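We're numbering straight along the sequence, starting at 1. What you see is a predicted model; the values in this text were computed from it and never measured.
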Amino acid sequence: MIYIHNARIVSPLETIENGALLTDGDKIKAVGPAEAVPCPEGAEKIDAAGKYLVPGLIEMQLNGGFGYDFTADPSTIWTVAADLPQFGVTTFLPTVITSTIPNTAKARKVITDGKPAGYKGCNPLGLHLEGPFLNPEKKGAHNEDYICTAKPANIDGWSPDGGVRLVTLAPEMPDALPAIKTLADRGVVVSAGHTQATYEEAMAGFDAGITYGTHLFNAMPPIHHRKPGLPGALLYDERVTVGIIVDGVHVHPSLVKVIWEAIGPKRMNSVTDALAAMGLPPGSKCKLGDYDVIVTEKVCTLEDGTISGAVISLDRGLRNLIEFTGISLGEALETMTTTPAKRLGLEGKIGSLETGAQADMVLLTSDYMVDSTFTGGELVYKN
């Protein structure tokens with residue numbers, strides 16, 4: 001049992017001054033003002049004076065980190081996962097971009113085989129398969145040679161039990177609409193991305209079962225006041241959660257604030273889309289699938305200058321969101337805790353400090369830097 005006390009507990013649900021939280025095994029047993037949550041005999045006591053206790057962060061789009069790329073080598077998923085708690089991330093979707101169907105199957109097996117012996121760290125909940133059912137005209141840094149259609153054989157076994165939680169596809173492509181319905185019926189979150197979809201094609205995708213949008217404004221047509229396209233559809237339709245890269249490069253800071261004011265925390269999901277470059281210094285080179293990418297201070301690019309992904313961590317995204325919009329810590333947290341948890345169908349189980357929730361928690365310093373991270377009631381990172 002862990003007893004954290006003297007904390008300022010901040011979550012999207014409430015803020016508790018001088019609060020305390022008690023774990024029992026891997027679950028939260030009690031949370032509230034310190035006088036209402038006594039410390040039982042034998043519990044490990046952690047004094048969190050001057051710190052914020054917040055829910056563990058949920059990352060919906062991460063391609064790799066620390067020099068490892070999930071698409072090039074899916075076996076590195078657990079290696080990266082073990083180091084993610086330093087960024088306050090306790091649950092994530094390892095993202096595999098467009099590759100061969102056999103390579104995708106290999107990545108799925110890494111997930112379904114489960115945790116290695118003695119593993120401690122972040123929980124990979126299931127894959128985010130970003131491709132291969134994309135529009136070649138918006139392929140970005142994806143290898144066009146592997147792009148194909150979502151015919152039934154290509155999505156065979158794709159389900160949460162089969163290691164797949166989220167699939168990004170272009171809804172206007174052949175076979176897409178039936179595949180969207182099939183995947184959604186299996187419990188997979190389906191997202192629109194890397195697409196040339198018109199507003200009407202986007203709405204048809206939503207009607208078929210799309211409930212997410214991958215990195216708003218990136219790899220999709222720009223919004224136009226007479227042709228709103230996918231961006232307009234994502235901002236308009238309340239059925240859909242919108243993923244946004246909050247690094248200040250993929251979406252301008254001023255536009256991040258506009259998006260926040262337009263859709264709020266219930267539909268905005270902050271992601272990083274970080275590559276193997278996350279955790280590497282500028283000037284490094286690493287892989288994204290088949291391609292070499294160059295690491296700069298703020299972003300990754302292919303050798304031709306094409307932006308290929310981000311380098312920020314999710315805790316940096318949290319601080320960016322607060323800086324760009326002027327919102328509170330609790331509001332910013334919602335975009336990377338309760339909002340993704342709800343979209344994944346895990347509301348109240350992860351991304352929350354409710355009684356009975358998974359004991360995934362982060363202690364932040366007064367300037368929102370990660371001090372400590374707990375997964376399943378166990379301390380897995382201490383700065």
Is a donor on one side and an acceptor on the other found under 3.5 Å between the side chain of [X] and the backbone of [Y]?
X	Y	answer
R108	G157	yes
T373	P85	yes
N63	D69	no
N218	H250	yes
W78	V110	yes
H215	I245	no
E331	S328	yes
T23	I2	yes
T76	T79	no
R186	W158	yes

So, Y3 versus H5, ring centres under 6.0 angstrom or not?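 Centroid separation for Y3 and H5: below 6.0 Å.
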Aromatic ring proximity H142/H194, centre distance under 6.0 Å: yes
Checking L314 against M336 for the side chain to side chain contact (heavy atoms under 4.5 Å, CB included) test, could you report, in this order, the C-alpha distance in whole Å, the side-chain angles of both residues, the deciding distance, and whether it holds? CA-CA 8 Å; L314 197 56; M336 52 189 75; 3.9 Å; yes
Can you name the residues that form a side-chain contact (heavy atoms from CB on, under 4.5 Å) with [X], not counting sequence neighbours?
X	value
Q86	F66, D83, Y381
K181	D185
S75	D73
A49	N6, D47

Could you tell me whether [X] atom [atom1] has more than 12 heavy atoms of other residues or ligands within 6.0 Å of it?
X	atom1	result
K382	NZ	yes
K51	NZ	yes
K27	NZ	yes
E35	CD	yes
Y68	OH	no
D161	CG	no

Locate the shortest heavy-atom distance separating [X] from [Y]; write the atom from each residue and the value.
X	Y	answer
T71	S99	CG2-CB, 3.9 Å
I28	A359	CG1-CA, 3.9 Å
V190	A184	CG2-N, 4.0 Å
P40	M1	CG-CE, 3.6 Å
T195	P171	OG1-CD, 3.7 Å
L177	A204	CD2-O, 3.9 Å

Supply the atom-to-atom distance [X] [atom1] to [Y] [atom2], rounded to the nearest 0.5 angstrom.
X	Y	atom1	atom2	value
D175	I155	CG	CD1	9.0 Å
T339	E334	OG1	CD	4.5 Å
I4	C39	CD1	SG	11.0 Å
I350	L346	CD1	CG	4.5 Å
L127	I111	CG	CD1	5.0 Å
L344	I58	CG	CD1	7.0 Å

Using side-chain heavy atoms (C-beta onward) and a distance below 4.5 Å, is [X] in contact with [Y]?
X	Y	result
L329	Y368	yes
N269	T335	no
L21	L353	yes
V240	T211	no
S372	V362	no
V271	I244	no
L363	I46	yes
N123	T90	no

If you measure only the distance, is there a donor-acceptor pair under 3.5 Å linking the side chains of T214 and Q61? no
Please check if any side-chain donor atom of Y52 sits under 3.5 Å from a side-chain acceptor atom of D371, or the reverse. no
Please step through side chain to side chain contact (heavy atoms under 4.5 Å, CB included) for the pair T375 and M361, ending with a clear verdict. CA-CA 7 Å; T375 62; M361 308 164 293; over 6 Å; no
Distance-only check: which donor-acceptor pairs under 3.5 Å involve side-chain atoms of residues 134-141, not counting sequence neighbours?
from: N135; atom 1: OD1; to: E137; atom 2: N; distance (Å): 2.9
from: N135; atom 1: ND2; to: E172; atom 2: OE2; distance (Å): 2.8
from: E137; atom 1: OE1; to: Q196; atom 2: NE2; distance (Å): 3.0

Apply side chain to side chain contact (heavy atoms under 4.5 Å, CB included) to residues T104 and L129 and explain how you reach the verdict. CA-CA 8 Å; T104 299; L129 297 178; 3.6 Å; yes
Residues R239 and D207 bridged, charged N to O under 4.0 Å: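 Here R239 pairs with D207 in a salt bridge, since their nearest N and O are under 4.0 Å apart.
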Run the side-chain hydrogen bond (donor to acceptor under 3.5 Å, both in side chains) check on T241 and R343 step by step: do they pass? CA-CA 7 Å; T241 303; R343 178 48 60 213; 2.9 Å; yes
Decide side chain to side chain contact (heavy atoms under 4.5 Å, CB included) for L216 and V251; before the verdict, give the C-alpha distance in whole Å, the side-chain angles of both, and the deciding distance to 0.1 Å. CA-CA 8 Å; L216 179 65; V251 180; 5.6 Å; no
By the side-chain hydrogen bond (donor to acceptor under 3.5 Å, both in side chains) test, which pairs, at least two apart or in different chains, include something from residues 352-366?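 Passing the test, one end in residues 352-366: S352-E354, T365-D367.
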May I have the step-by-step check of side-chain hydrogen bond (donor to acceptor under 3.5 Å, both in side chains) for D247 and N320, ending in yes or no? CA-CA 7 Å; D247 63 353; N320 282 352; over 6 Å; no
Which is it for E238 and R267 under the salt bridge (Lys or Arg N to Asp or Glu O under 4.0 Å) test, yes or no, and what are the steps along the way? CA-CA 8 Å; E238 295 186 358; R267 294 209 294 126; 5.9 Å; no
